[in-house]
Amino acid sequence: EVQLVESGGGLVQAGGSLRLSCAASGFTFDDYAIGWFRQAPGKEREGVSCISSSDGRTYYADSVKGRFTISRDNAENTVYLQMNSLEPEDTAVYYCAAPLSLYGSICPGSMMEYDHWGQGTQVTVSS
């Protein structure tokens, strides 16, 4: 079965850093883009970042550009999200997801195209 498992969340002070991991199994990992999303209480889920499978193209939401870096290690079936200069506004549950139904090697244009999701990991940034 397809599995995406996030880890690395926690509590950090503003200005600090965290590195999230998304470990994938059950599919040919290096054929697919992987996206990171987040959802704060009372807020809509939003896209944070995405990385394509082959050419390594990346996407970042404007709110995290210059602070977050997405990367992937295909040999380890893992995508990372390095988060620096964290702000209280970054507090959310962070999810990774894959668009397996699209056979999508590039980042999809819609969140609805991601059909497999991890369970999420909590990131809390204190002021």
Side-chain angles (χ1 to χ4, degrees):
E1 64 177 354
V2 173
Q3 279 195 289
L4 297 167
V5 180
E6 303 93 337
S7 62
L11 175 64
V12 65
Q13 293 183 344
S17 298
L18 286 172
R19 189 194 196 201
L20 305 184
S21 298
C22 174
S25 61
F27 64 98
T28 306
F29 176 78
D30 60 5
D31 284 345
Y32 293 93
I34 300 292
W36 283 100
F37 300 81
R38 67 186 183 186
Q39 187 166 22
K43 302 289 185 67
E44 296 181 355
R45 189 169 297 186
E46 63 177 344
V48 174
S49 187
C50 182
I51 186 166
S52 63
S53 66
S54 56
D55 60 10
R57 290 186 179 183
T58 58
Y59 160 85
Y60 298 97
D62 288 342
S63 59
V64 307
K65 284 181 180 177
R67 300 188 297 119
F68 291 10
T69 302
I70 191 170
S71 62
R72 66 190 296 156
D73 185 342
N74 288 338
E76 297 294 331
N77 288 3
T78 302
V79 168
Y80 303 96
L81 186 68
Q82 179 67 46
M83 305 186 296
N84 298 326
S85 301
L86 284 163
E87 304 167 353
E89 292 76 17
D90 297 316
T91 295
V93 177
Y94 283 71
Y95 302 88
C96 63
L100 270 60
S101 64
L102 294 177
Y103 298 93
S105 62
I106 62 174
C107 294
S110 171
M111 185 168 61
M112 294 298 297
E113 294 169 334
Y114 292 87
D115 56 345
H116 290 270
W117 295 77
Q119 83 291 341
T121 186
Q122 176 72 48
V123 171
T124 303
V125 184
S126 62
S127 61

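Numbers for residues simply follow the sequence, beginning at 1. Atom set for the values below is all heavy atoms of this structure, side chains included, hydrogens, waters and symmetry mates excluded.
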Quick one: NE2 on His116 to CG on Leu4, what's the gap to the nearest 0.5 Å?
8.0 Å
Counting C-beta onward and ignoring hydrogens, is there a side-chain heavy-atom pair between Asn84 and Ser17 closer than 4.5 Å?
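Sidechains of Ser17 and Asn84: in contact.
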Compare all side-chain heavy atoms of Met83 with those of Val123 and state whether any distance is below 4.5 angstrom.
yes
Write down the atom of Arg38, the atom of Asp90, and the distance for their closest heavy-atom approach.
NH1-OD1, 2.9 Å
Checking Glu89 now: which residues fulfil side-chain hydrogen bond (donor to acceptor under 3.5 Å, both in side chains) with it, not counting sequence neighbours?
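Checked Glu89 against side-chain hydrogen bond (donor to acceptor under 3.5 Å, both in side chains); zero matches.
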Do Cys96 and Val79 pass the side chain to side chain contact (heavy atoms under 4.5 Å, CB included) test, and can you show the C-alpha distance, the side-chain angles, and the key distance before you say yes or no?
CA-CA 9 Å; Cys96 63; Val79 168; over 6 Å; no
Under 30°, 30 to 60°, or over 60°: which ring-plane class applies to Phe27 and Tyr32, parallel, tilted or perpendicular?
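Phe27 vs Tyr32 ring planes: perpendicular.
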Between Asp30 and Ser53, is there a side-chain donor-acceptor contact under 3.5 Å, judged purely by atom types and distance?
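No pair is found: no donor N or O on one side chain lies under 3.5 Å from an acceptor on the other.
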Run Tyr94 and Glu6 through side chain to side chain contact (heavy atoms under 4.5 Å, CB included) and show every step you take.
CA-CA 8 Å; Tyr94 283 71; Glu6 303 93 337; over 6 Å; no
Let me see the working for Leu86 and Gln13 under side chain to side chain contact (heavy atoms under 4.5 Å, CB included), right down to the final yes or no.
CA-CA 8 Å; Leu86 284 163; Gln13 293 183 344; over 6 Å; no
Where the side chain of Arg67 meets the backbone of Ser85, is there a donor-acceptor pair that is under 3.5 Å apart?
yes
Residues in salt bridge (Lys or Arg N to Asp or Glu O under 4.0 Å) with Lys65, at least two apart?
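Salt bridge (Lys or Arg N to Asp or Glu O under 4.0 Å) list for Lys65, sorted by chain: Asp62.
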Please name all residues satisfying salt bridge (Lys or Arg N to Asp or Glu O under 4.0 Å) with Arg45, sequence neighbours left out, ordered by chain then number.
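Applying salt bridge (Lys or Arg N to Asp or Glu O under 4.0 Å) to Arg45 gives none.
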Pick from Trp36, Tyr114, Trp117: which one makes a side chain to side chain contact (heavy atoms under 4.5 Å, CB included) with Tyr95?
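Looking at Trp36, Tyr114, Trp117, the match for Tyr95 under the side chain to side chain contact (heavy atoms under 4.5 Å, CB included) is Trp117.
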